[in-house]
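Following: one structure in structure tokens, then a few remarks.
In each ligand, atom 1 is the first atom listed, and ligand 1 is the first ligand listed. Fair warning: this is a prediction, and the values are worked out from it, not measured in the lab.
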Amino acid sequence: MIFQEKLEQYAELAVKVGVNIQKGQYLLINTSTDALQFARIVVKKAYEAGAGRVHVQLTDSFMTRAFYEHGAKEEFSKYPKWIVAQRDELIEKKGALLWIDDEDPDLLAGIPVSRISANQKAGGAALVNYRKAVMNDDIAWSIIAVPSKKWAAKVFPNLSETEQVPALWEAIFKTVRIGEGSAVEKWQTHILQLDERAAKLNELKLAKLHYKAPGTDLTIELPEKHLWVSGSSRTPEGTIFTANMPTEEVFTLPSKYGVNGYVSNTKPLAYQGNIIDQFKLTFENGKIVKAEAEVGNELLQELITADENSRYLGEVALVPHESPISTSGILYYNTLFDENASNHLAIGEAYPTCYEGGRDLDERDFDSLGINKSITHEDFMIGSAEMDIDGIQPDGTTLAIFRNGNWAF
Ligand code: ZN
Ligand code: ZN
């Protein structure tokens with residue numbers, strides 16, 4: 001299959017399986033100037049599929065960095081109302097949202113952490129409606145990624161400059177099952193398999209998970225009404241969409257105050273244009289009481305103090321070490337890919353959809369039910385070939401869930 005055909009297939013996947021655009025529906029695409037050519041194909045595919053109006057919101061890595069370097073200090077704690085208004089209108093009109101990510105993992109390296117965290121907090125607070133709509137699957141949303149030069153150079157430092165971007169394209173195509181045959185059909189089969197795995201876990205009605213690996217000894221309680229779900233989501237109107245492409249995970253939420261022990265990361269975390277790595281988190285009754293990183297420690301401290309609940313977890317996700325992305329051996333420095341190659345947890349907000357009837361709950365009851373609510377939701381990778389996970393049922397029965405990094409059942 002020639003490159004152009006793969007691009008077309010990928011764009012079609014984003015539109016049909018990613019956001020699953022509906023007749024007359026509005027689509028907001030957030031991407032950058034580096035991805036412009038691909039974005040054009042997506043826009044065309046979206047209109048062909050019946051989209052009402054497609055709006056592309058472009059950022060640019062040079063301009064973003066210019067703001068962080070030269071912007072006035074007081075601007076970092078404000079957030080433009082027009083961005084809020086744009087998202088609010090999209091939610092009100094039940095539009096779909098597509099992110100085409102191509103971020104350089106080192107985009108904001110060297111920028112004072114105070115600027116990065118102030119902007120992140122201001123955005124988190126201003127976009128509260130938007131966060132709620134996304135976390136609740138009230139609108140269809142999806143994140144995909146395409147190479148930029150800088151990102152490809154980070155992933156393939158040993159290739160020549162002309163080979164890096166094509167190599168990253170091919171790697172991405174593989175992770176999203178593009179090749180011979182219909183990618184849309186392959187995705188349907190793939191999602192079905194993930195759904196079956198989630199259903200099996202739900203049948204076990206686990207009360208706790210116990211993780212053991214070098215640098216990790218962690219117990220996570222699960223709320224009685226937790227639900228394991230796959231990357232396939234459903235809006236209240238019944239539109240089925242895929243929030244992350246690729247996706248290899250099944251996930252649920254932890255009990256907010258039921259996490260104890262310590263955990264070490266196994267892959268670098270690209271966060272806010274910087275790398276955080278070699279870190280260990282220690283938990284007491286759900287709270288991170290100690291956090292230390294060899295790389296990017298200052299930013300890690302900002303991440304866990306973004307608000308009062310960013311010291312608690314919001315997601316527990318299982319991904320076998322032998323997942324297709326993991327066996328490729330490629331480190332992407334992009335969470336969309338790296339989290340789908342590894343067991344992971346998320347600091348911050350939980351998905352209410354991982355709790356029975358969670359979408360209709362009053363947010364004021366979240367805390368007493370053990371559902372975390374925060375302005376952050378940041379996945380970090382903890383899986384390895386040496387990880388064992390036991391599942392403990394309410395009567396104390398212990399089951400092998402993972403052995404040596406892979407499913408044990
Ligand atoms: Zn996840
Ligand atoms: Zn997550």
Side-chain angles (χ1 to χ4, degrees), residues 18 97 99 101 103 120 124 127 130-137 141-145 175-176 190-191 193-195 197-198 201 209 211 218 220 222 226-233 241-256 259 263 265-272 276 281 288 300 303-304 306-307 309-321 323-326 332-355 358 371-384 387 389 401-402 405 407:
L97 183 61
W99 295 87
D101 180 24
E103 194 171 285
Q120 205 259 340
L127 294 170
Y130 156 76
R131 290 195 57 78
K132 193 176 170 203
V134 165
M135 296 303 286
N136 253 337
D137 291 340
W141 58 281
S142 188
I143 309 174
I144 62 163
T175 69
V176 292
H190 173 54
I191 291 287
Q193 285 166 350
L194 291 174
D195 281 342
R197 183 61 74 178
L201 283 164
L209 292 171
Y211 292 69
L218 187 73
I220 298 179
L222 304 174
H226 74 275
L227 289 174
W228 289 95
V229 299
S230 77
S232 173
S233 311
F241 65 95
T242 310
N244 285 187
M245 300 185 86
T247 183
E248 301 289 340
E249 63 181 316
V250 289
F251 61 100
T252 189
L253 49 67
S255 194
K256 179 177 174 183
V259 184
V263 64
N265 80 308
T266 50
K267 285 175 191 284
L269 170 61
Y271 174 68
Q272 302 280 324
I276 304 176
L281 306 176
I288 298 171
L300 175 65
L303 167 60
I304 62 168
D307 65 10
N309 290 325
S310 52
R311 278 185 185 272
Y312 295 86
L313 294 182
E315 179 188 328
V316 179
L318 298 176
V319 182
H321 187 67
S323 86
I325 302 172
S326 177
Y332 284 86
Y333 296 97
N334 181 309
T335 299
L336 178 62
F337 297 88
D338 295 330
E339 71 165 313
N340 283 304
S342 172
N343 283 326
H344 58 272
L345 303 170
I347 286 171
E349 184 146 61
Y351 289 101
T353 48
C354 291
Y355 193 94
I371 305 172
N372 195 26
K373 178 105 195 105
S374 168
I375 59 164
T376 54
H377 176 99
E378 197 59 36
D379 291 26
F380 62 98
M381 287 62 75
I382 61 163
S384 71
M387 178 163 270
I389 305 173
I401 303 295
F402 263 60
W407 291 110

With carbon and hydrogen excluded and only N/O/S kept, which atom of Glu249 is nearest the Zn ion (ligand 1)?
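Sorting the N, O and S atoms of Glu249 by distance to the Zn ion (ligand 1) puts OE1 first.
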From the Zn ion (ligand 2), how many protein N/O/S atoms are found at a distance short of 2.8 Å?
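Those protein atoms number 4 in total.
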Residues passing the side-chain hydrogen bond (donor to acceptor under 3.5 Å, both in side chains) test with Ser323, sequence neighbours excluded, are none
Hey, could you give me each pair passing salt bridge (Lys or Arg N to Asp or Glu O under 4.0 Å) that has a residue in residues 342-353? Not counting sequence neighbours.
Arg131-Glu349, Glu349-Lys373
Pairing donors with acceptors under 3.5 angstrom, does anything connect the side chains of Ser374 and Thr376?
yes
Determine, step by step, whether Asn340 and Asn244 satisfy the side-chain hydrogen bond (donor to acceptor under 3.5 Å, both in side chains) criterion, reporting the C-alpha distance in whole Å, the side-chain angles of both residues, the deciding distance to 0.1 Å, and the verdict.
CA-CA 9 Å; Asn340 283 304; Asn244 285 187; 4.7 Å; no
For Tyr351, the ring-ring contact (aromatic ring centres under 6.0 Å, His included) test, sequence neighbours excluded, returns Phe251, His377
What heavy-atom pair brings Asp195 and Ser230 nearest, and what distance separates the two atoms?
OD1-OG, 2.6 Å
